[in-house]
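Working notes, beginning with the structure itself.
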Amino acid sequence: MQSKINSFFKPPSSSLSVELSNSPPVFSDDENDELATWEKSQHTIVNTYTRRPSNFNGNDKKKESGDDKFDKPISETRVSRDECGSNGRNLNKKRSYAQFHLELGQSDFLLHACSICGVKYSPVDEADERNHSIFHKNFTLGVQFKGWRNERVVHVPNVERSRVILVLDSDPLAQRNKVQEVVKMMETELGEGWIFHKLCKVYLFISSQRIAGCLVAEPIKEAFEVLSYPVGERQDGAIAKRRSNPSKLQFGEIVLEREVIKRAPSEVLHENHTGAILCKKEAVHAVCGIRAIWVTPSNRRKGIATQLLEAVRKSFSNGYVTEKSLLAFSQPSSDGQALASNYIGTRSFLVYKTGNLCR
């Protein structure tokens, strides 16, 4: 009995197990011995394996439940080699990327606004800094200009090594695109969406292969004369006129003087940071409206604006030179008021509303 027990725990050889698995079970003569009967019956356990599809996406989540996943053939669930890279990942799957920043008290973390050109940029971004440097250079020195084959040059005296070019809406696309590029620079200081339209004539001042100044002119029919006044007499939007014999009221050593203020007929045309511009209600005849005039910061105080105005007078009306008294200015700032007064020769220059066009 002990020998039968030892033979039961002894592992059979591989060749013998294969040979016995194919032969029918053999039973011993001792039918009452159950252990011998079980041993010679050679019960065989058969394991069946099913190949699973390769997981190329590296995701272990089960999208299909239970046995349904293994019911599909391998050819339907396998991803083709063309859709996968060498590392076994699906290259056709869309990926989303997001850039995150940690604000840890950096001084240059937020956008920086340039005090000269007004552009906001990120100092830590190389591409942002490069774009700002290009725009800053074009803003301060002028947009680069290599010249055109057909230029409409307006000859202006006292202009050395420079020239003034007139551009119309009927000119080639390259010239009009250059005008739009300059207008974008002007909008940084003068505001957006009002400087240029199709009826405008654009004058470009070219110096050292850069556009140092730009003037936009348009045809008009009428304008209004600005009321001239001594400095310090503007009060509440009216022209103050003192009475010759004011009444006085005395309380001991304190003397109170009453003055009468008469309001002259006027119209408030435009308000800016320096106050209201007052002009007469009666419109006068005008021919040319200076819609906008701008000079690059590095070229100001060099007489470029005056040269542009001279070019407008000489070429705006075909056949004759436009008189200074027929020029009008739109929405002048404090610098524009000073320019208009100095060029016209009086403080009673003409102003106009940009909506009154001569169509």
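It should be emphasised that the depicted structure is a prediction, and the values quoted were computed from it without experimental measurement.
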Can you list every pair that meets salt bridge (charged side-chain N to carboxylate O under 4.0 Å, His left out) and has a residue in residues 147-157, with sequence neighbours left out?
Glu151-Arg163, Arg152-Asp171
Nearest 0.5 Å please: distance from the NE2 atom of His155 over to the OG atom of Ser315.
11.0 Å
With a 3.5 Å distance limit and no angle check, can you tell me whether Lys201 reaches the backbone of Phe316 through a side-chain donor-acceptor pair?
yes
Report the residues that fulfil salt bridge (Lys or Arg N to Asp or Glu O under 4.0 Å) with Glu323, sequence neighbours left out, ordered by chain and then residue number.
none
On a heavy-atom basis, the closest approach of Ala286 and Leu350 is CB-CD1, 4.4 Å
Would you say that more than 12 heavy atoms from the other residues, nucleotides or ligands in this model lie under 6.0 Å from the CD of Glu126, or not?
no
Given 3.5 Å as the limit, does a donor-acceptor pair link the side chain of Gln175 with the main chain of Asn150, or not?
yes
Side chain to side chain, Phe205 and Cys214, heavy atoms closer than 4.5 Å:
no
Are Ile304 and Phe145 connected in a single hydrophobic cluster, I mean Ile/Leu/Val/Met/Phe/Trp/Tyr linked by side-chain heavy atoms less than 4.5 Å apart?
no
Decide whether Val182 and Trp148 are clustered together by the hydrophobic rule: side chain heavy atoms of Ile, Leu, Val, Met, Phe, Trp, Tyr closer than 4.5 Å, transitively.
yes
Of the non-hydrogen atoms in Leu339 and Ala305, which two are nearest, and what is the gap between them?
CD2-CB, 3.9 Å
Distance-only, no hydrogens or angles: does the Thr346 side chain make a donor-acceptor pair with backbone N or O of Ser348 under 3.5 Å?
yes
Evaluation steps, salt bridge (charged side-chain N to carboxylate O under 4.0 Å, His left out), between Lys184 and Glu189:
CA-CA 10 Å; Lys184 289 183 179 180; Glu189 288 187 304; over 6 Å; no
Please report the closest heavy-atom contact between Ala311 and Val156, naming both atoms and the distance.
CB-CG2, 3.7 Å
Smallest separation among heavy atoms of Asn299 and Leu141, with atom names
ND2-O, 3.6 Å
Quick one: does Ile293's side chain get under 4.5 Å of Val216's, heavy atoms only?
no
Would you say the side-chain atoms of Arg161 pair up with the backbone N or O of Ser207, donor to acceptor, closer than 3.5 Å?
no
Is there side-chain contact between Leu215 and Val202, with heavy atoms separated by less than 4.5 Å?
no
Just jot down the salt bridge (Lys or Arg N to Asp or Glu O under 4.0 Å) partners of Lys178, sequence neighbours excluded, or say none.
Glu181
In this structure, NE2 of His136 is separated from CD1 of Ile116 (nearest 0.5 Å) by 4.0 Å
Cluster link Val295 to Leu190, ILVMFWY, side chain under 4.5 Å:
no
Between Ser341 and Ala338 (side chain of the first, backbone of the second, donor and acceptor by atom type, cut-off under 3.5 Å), is there such a pair?
no
Any chance the side chains of Tyr203 and Glu310 put a donor and an acceptor closer than 3.5 Å?
no
Are Leu199 and Val183 linked, directly or through other ILVMFWY residues, by side chains that come within less than 4.5 angstrom of each other?
no
Please give me the minimum heavy-atom distance between Glu187 and Ile195, naming the atom from each residue.
CG-CD1, 3.7 Å
If you look at every heavy atom in Leu227 and Lys280, which pair is closest and at what distance?
CD2-CG, 3.4 Å
Passes side chain to side chain contact (heavy atoms under 4.5 Å, CB included), Arg347 versus Val226? Steps please.
CA-CA 7 Å; Arg347 303 187 68 172; Val226 175; over 6 Å; no
To the nearest 0.5 Å, how far apart are CD1 in Ile290 and CG in Leu308?
9.5 Å
Kindly indicate, with the supporting measurements, whether the criterion side chain to side chain contact (heavy atoms under 4.5 Å, CB included) is fulfilled by Glu218 and Tyr352.
CA-CA 11 Å; Glu218 62 182 348; Tyr352 76 101; 2.6 Å; yes
Are the aromatic rings of Trp294 and Phe139 close, with centres under 6.0 Å apart?
yes
Is there a donor-acceptor pair under 3.5 Å between the side chain of Thr140 and the backbone N or O of Pro297?
no
Backbone N or O of Trp194 within a donor-acceptor pair of the Arg291 side chain at under 3.5 Å?
yes
Taking the side chain as every heavy atom from C-beta outward, state whether Val143 and Arg210 have any atom pair closer than 4.5 Å.
no
Is NZ or CZ of Lys281 both nearer than 6.0 Å to the six-membered ring centre of Phe224 and within 45° of the ring axis?
no
Spell out, as yes or no, whether a donor-acceptor pair under 3.5 Å connects the side chain of Thr296 to the backbone of Ala212.
yes
Treating Asp128 as the side-chain partner and Ser122 as the backbone partner, does any N or O pair qualify as donor plus acceptor under 3.5 Å?
yes
Are any non-hydrogen side-chain atoms of Val312 and Cys288 less than 4.5 angstrom apart?
yes
Do the side chain of Lys324 and the main chain of Tyr343 share a donor and acceptor less than 3.5 angstrom apart?
yes
When rounded to the nearest 0.5 angstrom, what distance separates CD1 in Ile206 from CD1 in Ile165?
4.5 Å
For the pair Val153 and Val164, evaluate side chain to side chain contact (heavy atoms under 4.5 Å, CB included) and give the outcome as yes or no after the intermediate values.
CA-CA 6 Å; Val153 179; Val164 179; over 6 Å; no
Please tell me whether Glu222 and His285 have a donor and an acceptor in their side chains that are separated by less than 3.5 angstrom.
no
Would you call Leu204 and Val167 a side-chain contact if the rule is heavy atoms closer than 4.5 Å?
yes
Reported CD1-to-OG distance for the pair Ile344 and Ser325, which is rounded to 0.5 angstrom
8.0 Å
Can you tell me how far the CD1 atom of Ile220 sits from the OG atom of Ser330, to the nearest 0.5 Å?
9.0 Å
